[in-house]
Amino acid sequence: MKMTSRGDRPDMAFGSFLILLAILALFGTRTLAVGTAANMGPGYVPRALAWIILGFGVIITAHGLWTRFRPLPPILPRPLICVLVSLAIFALILPKGGLVLATLGTMACSTFAATDYKWRESVIFAVIITIFTVLLFVNALGLPLSVWPQW
Amino acid sequence: MNFIDHLAIGFATALSIQNLLFCLFGVLVGTLVGVLPGISPLNTTAMLLPFTFGLSPTSAMIMLAGIFYGAQYGGSTTAILVNVPGETSAVVTCLDGYQMARQGKAGPALAIAAIASFFAGCVATVVIAILSEPLAALAMKFTAPEYFSLLVMGLIAAVVLAHGSPFKAIAMMLMGVLTGLVGIDVNSGVPRLTFGIPDIADGMDFVPVVVGLFGIGEVAANLEIPQDRSILAGKIKNLMPSWTDFKAAFPAILRGTTVGTILGILPGGGAALPPFAAYALEKKVSRHPERFGTGVIEGVASPESANNAGAQTSFIPLLTMGIPTNPLMALMIGALMIQGIQPGPAMIHEQPALYWGLVASMWIGNLMLVVINLPLVGMWVSLLRIPYRLLFPAIILFCCIGAYASSNSVFSVWLMLGWGILGYFFNKVGVQPAPMVLGFVLGPMLEENFRRAMLLSGGHPLVFVQRPISATLLAVAAILIVVMIFPAVRRKREEALKE
């Protein structure tokens with residue numbers, strides 16, 4: 001039997017993720033008092049959960065290694081990166097740059113996530129949404145946000 | 001007994017001008033997100049949650065509930081006219097609804113869908129009103145062990161009813177419980193798993209977690225699939241179904257309502273599962289099962305009544321016991337807690353106006369939906385012409401603003417970004433994030449009751465099986481696990497979910 005015919009990649013990825021998460025949790029709770037079953041410390045439940053999750057991770061990974069090969073679905077980097085960067089832009093611009101700049105930045109960056117965007121309609125739409133956002137969230141709902149950049 | 005009094009309080013509350021307006025706003029927003037594929041009531045509610053801070057608790061709940069059941073109406077409109085389910089709960093409606101539209105019977109299909117939903121909504125409202133008192137009274141007897149067992153049963157049931165591998169769903173649920181414990185331990189005051197980040201000392205905020213998992217992760221994954229929509233244009237004429245249509249649809253509506261009402265109450269229920277079950281049942285009892293999928297009216301009436309009944313009765317566990325059975329109900333708990341109201345069995349007596357006002361508003365909201373929606377069908381359909389390439393930047397923007405508003409800090413936006421990556425990852429490896437969200441919300445409650453029960457029993461785990469109510473609940477959970485393991489039952493379940 002050839003090695004390449006084995007390995008369920010999605011299961012292996014999910015199982016490995018569980019193992020990593022459990023190790024992280026066990027590391028993060030290493031200083032917490034565990035206590036006894038009758039009088040549990042803050043670490044009792046989280047550590048118990050982490051060990052159980054570790055078990056699940058090992059079983060899912062092992063099962064994935066053993067079953068028939070199944071590839072990971074393809075990952076298109078463009079939409080993912082554009083979406084994530086547009087969130088980062090919002091978080092970075094908003095505190096100093098104000099809502100208008102943050103909105104335009106986020107809209108601009110996320111628009112590039114699709115490949116079928118058209119310049120004219122996207123610009124018009126972004127301007128409409130920006131006006132709408134300011135009117136709705138700042139004027140109507142009264143969110144404590146600055147609209148324009150603060151120097 | 002004082003059933004009438006309660007409904008009187010409810011209608012007096014729900015019929016105030018302010019609450020009527022919020023109800024109307026809720027159902028309109030709900031219909032809108034129901035019509036548009038790619039925006040779910042879940043992320044809409046999450047986005048709107050921070051903006052309910054300024055409202056009265058009653059208005060906030062009435063509006064948020066309206067979004068949920070309004071989305072069921074909207075979802076069916078697109079299913080029938082465009083063959084695109086606006087919501088997962090409308091997937092089944094596509095089968096026969098779209099075929100009816102292609103045969104020129106779009107009008108009757110839409111009308112029957114609306115009537116079926118309205119009928120189911122009325123029945124569900126009455127069921128909520130009847131079941132509330134006894135269930136709340138039962139829940140009042142609950143102590144820590146019962147609550148722990150109830151939560152365990154709820155989580156297990158949610159896993160059973162979820163799509164995909166139950167084993168992985170349990171892993172997701174446990175992961176949710178663990179992440180729910182992040183923050184300062186209430187008993188000892190020690191920060192846990194915060195890794196020195198002060199912003200998560202009080203636990204991770206719910207809104208960025210849910211919006212990240214469901215909103216951002218899904219947008220990123222949706223963008224990889226080409227979106228195409230062919231709208232069945234042409235005028236919709238003669239809305240009224242014929243008498244034969246009515247006669248065929250009515251028993252189906254009754255059956256759909258029953259299925260939806262029961263499945264909605266169960267943990268893990270809600271609006272997504274009942275239509276599948278109702279459609280399968282309808283096919284079983286029909287004398288012409290082979291005609292399903294070619295545009296039979298029962299195939300529209302039954303799932304449509306089931307999803308609306310389920311959407312509404314899923315409020316019962318939340319309202320009577322303070323336990324959310326699906327991620328959307330978890331958001332509702334969040335909305336209540338923000339308002340300083342602890343959801344639980346005491347709510348029905350402490351907040352009668354809120355409680356019965358919400359119940360009454362569901363009936364009013366359903367009436368509004370029937371009256372408003374049929375004339376507005378054309379407008380909703382024209383909204384579908386907005387291409388996804390323009391829609392999703394706005395969705396992302398509103399997610400950002402919603403996350404920011406939940407804590408007034410950009411840290412929430414970063415947190416949402418992190419959970420968005422996780423949501424994308426889960427989507428790629430094919431696991432459902434819903435059990436994780438439930439675990440995340442119920443985690444702190446679960447640990448609290450577990451620790452208290454163990455403290456009271458002096459560390460003997462037997463306490464959970466020595467008390468009758470607790471033992472029954474755990475037995476149900478155990479049966480559910482056994483059922484899942486049996487391959488024959490499992491195959492059936494997959495069939496029912498796939499169809």
Side-chain angles (χ1 to χ4, degrees), chain A residues 10-11 13-14 17-18 21 25 28-29 32-33 36-46 49-50 52-53 56-57 59-60 72-76 79-80 83-84 86-88 90-92 94-95 102-103 106-107 110-111 113-114 116-117 121-122 125-126 129 133 137 141-145, chain B residues 50-51 54 167-168 170-171 174-175 177-178 181 185 187-190 192-195 216 219-224 387-390 392-394 396-401 404-405 408 410-411 413-414 416-417 420-421 424-426 428-431 446-447 450-451 454-455 457-461:
Chain A
D11 277 13
F14 181 56
F17 171 76
L18 290 178
L21 182 92
T29 53
L32 295 180
T36 61
N39 193 4
M40 292 177 197
Y44 193 99
V45 176
L49 278 170
I52 299 171
I53 292 171
F56 270 85
I59 293 171
I60 292 173
L72 269 178
I75 290 171
L76 297 182
L80 180 65
V83 168
L84 296 179
S86 63
L87 296 185
F90 187 87
L92 290 174
L94 189 70
T103 301
T106 304
M107 295 283 287
S110 55
T111 299
D116 58 346
Y117 64 88
E121 61 168 30
S122 289
F125 195 67
I129 288 289
T133 305
F137 294 109
L141 291 165
L143 274 190
L145 282 170
Chain B
F51 310 115
F167 194 72
K168 280 186 236 167
I170 292 178
L174 291 171
M175 214 156 68
V177 175
L178 182 67
L181 299 184
D185 171 35
N187 294 344
S188 59
V190 182
R192 300 190 290 185
L193 291 169
T194 57
F195 297 98
I216 301 300
V219 167
N222 273 348
L223 278 168
E224 299 180 356
Y388 196 62
R389 62 172 185 272
L390 287 179
F392 79 86
I396 291 171
L397 175 72
F398 293 148
C399 288
C400 288
I401 297 175
Y404 174 83
N408 280 328
V410 285
F411 177 79
V413 181
W414 292 113
M416 178 175 74
L417 196 154
I421 297 173
Y424 183 81
F425 171 74
F426 292 145
K428 283 292 162 188
V429 298
V431 288
L446 193 72
E447 191 208 15
F450 179 60
R451 281 168 80 169
M454 292 296 271
L455 185 67
S457 75
H460 293 295

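From a predicted model like this one, the values you see are computed outputs, not experimental measurements. Every chain is numbered from 1, with letters handed out A, B, ... down the list of sequences.
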Determine the option with the most heavy-atom pairs under 4.5 angstrom with chain B, choosing from [options].
| options | value |
| --- | --- |
| A/I75, A/T106, A/I129, A/L21 | A/I75 |
| A/I52, A/T36, A/L84 | A/L84 |
| A/A88, A/A113, A/A50 | A/A88 |
| A/A33, A/A114, A/S86 | A/A114 |

Mind checking the CG-OG spacing from A/L32 to B/S188? Nearest 0.5 Å is all I need.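 If we round to the nearest 0.5 Å, A/L32:CG and B/S188:OG are 7.5 Å apart.
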Approximate separation, where rounding is to 0.5 Å, of B/Y424 OH and A/L80 CG: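 Going from OH on B/Y424 over to CG on A/L80, the span is 5.0 Å.
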For a quick test of reading the model, state the closest non-hydrogen atom pair linking [X] to [Y] and the distance between them.
| X | Y | value |
| --- | --- | --- |
| B/V410 | A/A91 | CG1-O, 3.6 Å |
| B/R389 | A/Y117 | CD-CA, 3.9 Å |
| A/A25 | B/L178 | CB-CD2, 3.8 Å |
| B/R451 | A/M40 | NH2-O, 3.2 Å |
| A/T111 | B/P393 | OG1-CG, 3.9 Å |
| B/M175 | A/L18 | SD-CD2, 3.1 Å |

Please tell me if the side chains of [X] and [Y] come closer than 4.5 Å, counting only heavy atoms from C-beta onward.
| X | Y | value |
| --- | --- | --- |
| A/P42 | B/N187 | no |
| A/P46 | B/E447 | yes |
| B/F398 | A/T133 | yes |

Please determine whether side chain to side chain contact (heavy atoms under 4.5 Å, CB included) holds for the pair B/V429 and A/L72, giving the CA-CA distance in whole Å, both sets of side-chain angles, and the decisive distance to 0.1 Å. CA-CA 7 Å; B/V429 298; A/L72 269 178; 4.2 Å; yes
Return the orientation label for the A/F14 and B/F426 ring planes: parallel under 30°, perpendicular over 60°, tilted otherwise.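 Geometry flag for B/F426 against A/F14: perpendicular rings.
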Working for side chain to side chain contact (heavy atoms under 4.5 Å, CB included), residues A/F90 and B/I396: CA-CA 10 Å; A/F90 187 87; B/I396 291 171; over 6 Å; no
Checking side chain to side chain contact (heavy atoms under 4.5 Å, CB included) against A/V83, which of B/I421, B/I216, B/L417 comes through?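 Result: among B/I421, B/I216, B/L417, B/I216 is the only option passing the side chain to side chain contact (heavy atoms under 4.5 Å, CB included) with A/V83.
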Give, as side chain, backbone, both or neither, the part of [X] having an atom under 4.5 angstrom from any heavy atom of chain A.
| X | answer |
| --- | --- |
| B/L181 | side chain |
| B/N408 | side chain |
| B/V177 | both |
| B/F425 | side chain |

